[in-house]
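Every value quoted in this text rests on a predicted model; they were computed, and no experiment measured them. In what follows, chains are A, B, ... by sequence order, proteins preceding strands, each numbered from 1.
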Protein chains: 2
Amino acid sequence: MARTRSYTQEQVLEIALRLADAGGAEALTIRGVATELGSAPNAVYTYFPTREALRAAVVDHVLGEVDLDLSRHKDWRTALRHLATGLHQVLAAHPGVVPLFVAGPMFGTNALASGEAVLAVLRDAGFTADDAAKVLYTLLVYTIGFAAMDAAELPGGPPPPQRQRVKERQAAFHGVPAEDFPLTRSAAGTMARYITTAQFHYGLDALIAGLDPKLR
Amino acid sequence: MARTRSYTQEQVLEIALRLADAGGAEALTIRGVATELGSAPNAVYTYFPTREALRAAVVDHVLGEVDLDLSRHKDWRTALRHLATGLHQVLAAHPGVVPLFVAGPMFGTNALASGEAVLAVLRDAGFTADDAAKVLYTLLVYTIGFAAMDAAELPGGPPPPQRQRVKERQAAFHGVPAEDFPLTRSAAGTMARYITTAQFHYGLDALIAGLDPKLR
DNA sequence: ACCTGAACACCGTTCAAGT
DNA sequence: ACCTGAACACCGTTCAAGT
């Protein structure tokens, strides 16, 4: 007989996100979700056909946390900065989900909506459709790339405060032999700060500045 | 009694790289290496203490394929472009290793050597040590980020020719509903080409151009 | 239509034992 | 010092069966 689902897709999604937040990307498993659900592992396949489908859905779910209203900004630079900053913040808050972002979404509803919003801003600013798309992807590569390299060194669980991480990294760079790598060693302080939002904005500002001459 | 190793670390490393090239990052497993070695799984721990250590060693091994001699370039822009292009090519040739690059190396011999080379070029060009390090990281984030998003959509095995991949992507973007996402849909041709070296250079050129005003 | 039990073919890692 | 056998605690996924 027809029976009703015990859970909604949304509920399963939120459990998956909680697992990733608590234990990193590796903790987001079918069996882990099943345990949280109190069901057998294969019951999860009622809601998502594969582990990859579940992961893609989590990505688009998290992307929904980013503010996509770019219409209020008067120029494209501010709009791009706003979107990249918002995405950066959401990714930094969910480091366990970041590795999944690298693989996509591309075709999730929120992914398409955010892309469409950026393309509209760039069209209004006079970019060709071709240039607009290239600019959009460049921005995503930098933002997701930055978050991915940041998240990769975290163990799982809620991210420790930036101050503490910088301190630990400083200790690590202190171990680099000054005889062999003098320039690296003397830049240890800066390198320890690679994970900060200041470093993120350094690169972001350079990128946006450099995209400028592409405008007709 | 003391017995000699059956293999060198180098040989184990090359087996691991071959596994990643043939089957993607997921195929680079301790047990897979053991099978290739014709040994029990735990024999691999004679050569590397953990799976993570093996993966980090593979990353630095692959990084050794990149040409790090930047001294012959007359300006820093050309030097940066040369390094990024070389890294891009090596990463494109080993998509299965790219996910491991996101996690580091940072402290491998080749990683430190390449960083030191870039810092020297930027110092000679008049950058402060602080700016030089920031520029270096921005370049790495973009290059590794681009390769990671590229590699993520590949199944494992030798990468198919770019033409074929673009064609497949074009079909996928053709499925986006034009009523809801008209701008995305009309940029489908450009988006299908996100994986090309032309797209890589578009963003790279913008980035290098934008880093310019940071110079004193 | 949804869920369970049981199994298959995998993982990384550890421990005690052999040479 | 190096390697093996055996085990532990995991994976994703499939198949047949129950309600």
Of all the choices, D:dC11, C:dC3, D:dA7, which nucleotide is nearest to the side chain of B:Arg31 once you look at every atom?
D:dA7

Find the distance B:Arg5:CZ to D:dC3:P and express it as a whole number of Å.
8 Å

Side chains of B:Tyr202 and A:Asp131: does their closest heavy-atom pair fall under 4.5 Å?
yes

Roughly how many Å is it from OH in B:Tyr7 to C1' in D:dC3, rounded to a whole number?
11 Å

May I have the distance from B:Glu26 (atom CD) to C:dG12 (atom P), rounded to whole angstrom?
12 Å

Of the candidates C:dG18, D:dT13, C:dG12, the side chain of B:Arg3 sits closest to C:dG18

Using a cut-off of 4.0 Å on non-hydrogen atoms, how would the nucleic acid contact of B:Phe48 be classed: base, sugar-phosphate, or nothing?
nothing

Closest listed nucleotide, where the reference is the side chain of A:Arg51 and the choices are D:dC3, C:dC2, D:dG12
D:dG12

Among the candidates D:dT14, C:dA7, C:dT13, find the nucleotide nearest to the side-chain atoms of A:Tyr45.
D:dT14

Need to verify one output field. Residue with the more 5' nearest nucleotide on DNA chain C, A:Gly38 or B:Pro41?
A:Gly38

Reckon B:Thr4 has a side-chain N or O less than 4.0 Å from the OP1 or OP2 of D:dA1?
no

Answer whether the closest heavy-atom distance between the side chains of A:Ser114 and A:Leu70 falls below 4.5 Å.
no

For DNA chain D, produce a single dot-bracket line, 5' to 3'. Pairs: Watson-Crick or G-U wobble, both distances under 3.5 Å. Symbols: ( ) within strand, [ ] crossing, | other strand, . unpaired.
||.|||||...|||||.||

Pairwise side-chain contact, B:Leu91 with B:Val97, heavy-atom cut-off 4.5 Å (strictly under):
no

Give a yes/no on whether any side-chain N or O of A:Thr46 is located under 4.0 angstrom from OP1 or OP2 of C:dC3.
yes

Determine the interatomic distance between P on D:dA9 and the same-named atom on C:dA9; round to the nearest Å.
22 Å

Hey, is CD on A:Gln162 packed in by over 12 heavy atoms from elsewhere, all under 6.0 Å?
yes

Would a distance-only check, ignoring hydrogens and angles, find a side-chain to backbone donor-acceptor pair under 3.5 Å from A:Glu36 to A:Val33?
no

In whole angstroms, the gap separating P of C:dC2 from CG of A:Leu37 amounts to 14 Å

Is A:Tyr47 near enough to C:dC2 that one of its side-chain N or O atoms lies under 4.0 angstrom from OP1 or OP2?
no

Do any N or O atoms from the side chain of A:Arg31 and from the backbone of A:Pro41 form a donor-acceptor pair under 3.5 angstrom?
no

Name the closest nucleotide to the A:Ser6 side chain, picking from C:dT13, C:dC3, D:dT13.
C:dC3

Residues two or more places apart in sequence or in another chain: which of them pass ring-ring contact (aromatic ring centres under 6.0 Å, His included) with B:Tyr142?
B:Phe200

Taking the inter-plane angle between the rings of B:Tyr137 and A:Tyr194 on a 0 to 90° scale, is it parallel (under 30°), tilted (30 to 60°) or perpendicular (over 60°)?
parallel

Which nucleotide, D:dT4, D:dC11, C:dT4, lies nearest any side-chain atom of A:Thr29?
D:dC11

In whole Å, I'd like the distance from the CG atom of B:Leu28 to the P atom of C:dC11.
11 Å

Find the distance A:Ile30:CD1 to D:dT14:C1' and express it as a whole number of Å.
13 Å

